[in-house]
Amino acid sequence: MSQSDGHEYSRGKGFNGLVVSRQTWQDLTFLHWQVPVDLVSKMLPPGLEVDTFQGKTWVSVVPFVMAEVRTTPLPQRLKHPHFHELNVRVYVVDRQGNQGVWFVKIWCSSLAFTFEGRAVGLPYSHMIGSSAVSQRTADYVFERSTDPLPMTFRATLEESEEATLRDSPLEEWLTARWNMFAIRFGRVWRFPVEHEPWDLRPARATSLSLDLPGGLSRLNKHQPDLIHLAKPVHTRVFFPRRV
């Protein structure tokens, strides 16, 4: 069974068993686009279906800093305790009704963690990243020039003064995700995840340059429908279960 480490976690269903990784997610921003359901369905492996909110679904781009990464029961890594990550995720549900996220692509500035992510079936690629985050603003520069998947993400974001519905059902649907899915050796696996409740602040993009490859390219021409800045959370990832 997992043991408490002093943090108050939010949980989904079925949290028990071995904790395989502890992480802190900081300097994090959610950028959300509403997209057609059939666009997402083409990206999914057998065993996962598109999850929808009021009949619609979303794609999210999430830049952040991965910190205090630790593979339990080993001590915290010394060489790469902090690094940047950018992931593109869609919203899915498995045949047992477990809601979660499917990562279409993940870019990471740590080469070692890139190889670890690939080993468990996650679509990691190496890239160069930097960020500067203050109380009310966030600046990101992520680049990958290597073929076959070049990528650019540059953004300047600031907290919005506009009134929004805090803790809205859509906001919760987009961010309260307690499972991530990966595929390894042709099988889909579910990794339960838990962390503290998100502290989210609505934001807007003062500049945004996005150059994503393949089926993600439709995002390049449109501004996000929703943006949230997020305060750090401490995260635990549990041993995977086969879907």
Side-chain angles (χ1 to χ4, degrees), residues 20-33 59-71 76-90 101-159 174-175 177 180 182 191 193 195-196 198-201 203 205-214 216 219-220 224 227-237:
V20 296
S21 182
R22 298 177 188 271
Q23 308 163 1
T24 299
W25 299 342
Q26 61 189 39
D27 297 352
L28 187 147
T29 300
F30 292 102
L31 298 96
H32 305 289
W33 285 260
V59 171
S60 300
V61 175
V62 185
F64 67 106
V65 171
M66 187 91 79
E68 302 171 352
V69 178
R70 186 178 151 209
T71 301
Q76 178 178 319
R77 295 185 184 89
L78 299 179
K79 290 186 177 180
H80 301 287
H82 296 72
F83 51 88
H84 288 84
E85 182 173 308
L86 176 74
N87 65 61
V88 181
R89 69 189 211 175
V90 295
V101 296
W102 172 259
F103 294 108
V104 181
K105 192 62 190 172
I106 307 174
W107 292 273
C108 174
S109 65
S110 166
L111 188 58
F113 199 80
T114 296
F115 286 120
E116 290 185 25
R118 290 178 183 173
V120 299
L122 293 169
Y124 271 87
S125 291
H126 187 240
M127 60 84 183
I128 298 172
S130 64
S131 63
V133 177
S134 66
Q135 184 68 22
R136 296 179 57 87
T137 64
D139 290 278
Y140 301 97
V141 178
F142 291 165
E143 294 180 313
R144 174 184 166 88
S145 58
T146 307
D147 290 334
L149 289 174
M151 176 275 296
T152 301
F153 175 82
R154 296 173 179 265
T156 299
L157 311 157
E158 64 178 26
E159 187 173 344
L174 287 166
T175 60
R177 292 279 156 168
M180 63 180 185
F191 289 80
V193 179
H195 53 72
E196 297 110 329
W198 288 112
D199 186 343
L200 301 173
R201 293 161 290 150
T206 58
S207 68
L208 178 62
S209 176
L210 193 63
D211 185 11
L212 298 178
L216 305 172
L219 305 185
N220 300 337
I227 303 176
H228 290 102
L229 302 179
K231 291 188 176 180
V233 293
H234 300 88
T235 307
R236 294 196 292 222
V237 181

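Model, not experiment: these values are computed from the prediction.
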| Between E196 and K231, is a salt bridge (Lys or Arg N to Asp or Glu O under 4.0 Å) present by the stated rule, with each step listed? | CA-CA 10 Å; E196 297 110 329; K231 291 188 176 180; over 6 Å; no

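- With rounding to the nearest 0.5 angstrom, the OG1 atom of T206 is 6.5 Å from the CG atom of L157.
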| task | List the steps, then state whether side chain to side chain contact (heavy atoms under 4.5 Å, CB included) holds for F153 with L208. | result | CA-CA 8 Å; F153 175 82; L208 178 62; 3.8 Å; yes

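- Between L86 and V62, the closest side-chain pair of non-hydrogen atoms is not below 4.5 Å.
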| field | Worked check of side-chain hydrogen bond (donor to acceptor under 3.5 Å, both in side chains) between S109 and H126 | value | CA-CA 6 Å; S109 65; H126 187 240; over 6 Å; no

| message | Under the criterion side-chain hydrogen bond (donor to acceptor under 3.5 Å, both in side chains), I'd like the reasoning laid out for Y124 against E85: C-alpha separation, chi angles, the key distance, then a yes or no. | response | CA-CA 10 Å; Y124 271 87; E85 182 173 308; 2.8 Å; yes

| said: For a side chain to side chain contact (heavy atoms under 4.5 Å, CB included) check, start with the C-alpha distance between V65 and F83, then their side-chain angles and the critical distance, and finish with the verdict. | reply: CA-CA 6 Å; V65 171; F83 51 88; over 6 Å; no

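- A distance-only check finds no donor-acceptor pair linking the side chain of R154 to the backbone of S209 [under 3.5 Å].
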| Residues R70, R22; criterion side chain to side chain contact (heavy atoms under 4.5 Å, CB included); working and verdict | CA-CA 5 Å; R70 186 178 151 209; R22 298 177 188 271; 4.0 Å; yes

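- Between H84 and G129 the shortest heavy-atom distance is ND1-O, 3.5 Å.
- Contact record, L212 with N220: N-OD1, 2.9 Å, taken as the closest heavy-atom pair.
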| query | Stepwise, does the side-chain hydrogen bond (donor to acceptor under 3.5 Å, both in side chains) test hold for S21 with Q23? | reply | CA-CA 7 Å; S21 182; Q23 308 163 1; 3.1 Å; yes

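- Between L219 atom CG and L31 atom CG the span is 10.0 Å, to the nearest 0.5 Å.
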| request: Might you work through the side chain to side chain contact (heavy atoms under 4.5 Å, CB included) test for V59 and V88, ending with a clear yes or no? | output: CA-CA 7 Å; V59 171; V88 181; 3.7 Å; yes

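- L200 is not listed as a side-chain neighbour of L229, based on a closest heavy-atom distance of 4.5 Å or more.
- Here the CG atom belonging to L210 is positioned 5.0 Å from the CH2 atom belonging to W33, to the nearest 0.5 angstrom.
- Distance check, rounded to the nearest 0.5 Å: CZ of R118 to CD1 of I106 gives 11.0 Å.
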| W198/F30 under ring-ring contact (aromatic ring centres under 6.0 Å, His included): CA gap, chis, key distance, verdict | CA-CA 11 Å; W198 288 112; F30 292 102; 5.1 Å; yes

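- Contact annotation: the side chain of W25 never approaches that of P232 to less than 4.5 Å [non-hydrogen atoms, C-beta and beyond].
- Between V193 and T235, some side-chain heavy-atom pair lies under the 4.5 Å cut-off.
- Side-chain contact check for F113 versus V69: some heavy-atom pair is nearer than 4.5 Å.
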| said: salt bridge (Lys or Arg N to Asp or Glu O under 4.0 Å) for R201 and E159? Distances and angles first, verdict last. | reply: CA-CA 7 Å; R201 293 161 290 150; E159 187 173 344; 3.4 Å; yes

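- Nearest approach of F64 to Y140, heavy atoms of both residues: N-CE2, 4.5 Å.
- Residues H32 and H228 form a side-chain contact, since some pair of their non-hydrogen atoms from C-beta on lies under 4.5 Å apart.
- Atoms CG and CE, on N87 and M180 in that order, are 10.0 Å from each other to the nearest 0.5 Å.
- Residue T175 comes nearest to R89 through the heavy atom pair CA-NH2, 4.0 Å, listed as atom of the first residue, atom of the second, then distance.
- Two residues are said to be in side-chain contact when any heavy atoms from C-beta on lie closer than 4.5 Å; R144 and S125 meet this criterion.
- Taking CD of E143 as the reference point, atom CE of M151 lies at 8.5 Å (rounded to 0.5 Å).
- Of all non-hydrogen atoms in T114 and S110, the two that sit nearest each other are OG1-O, 2.8 Å.
- Closest approach of S60 and L174 over heavy atoms only: OG-CD2, 4.4 Å.
- In this structure, E68 and H234 have side chains that are in contact, with non-hydrogen atoms separated by less than 4.5 Å.
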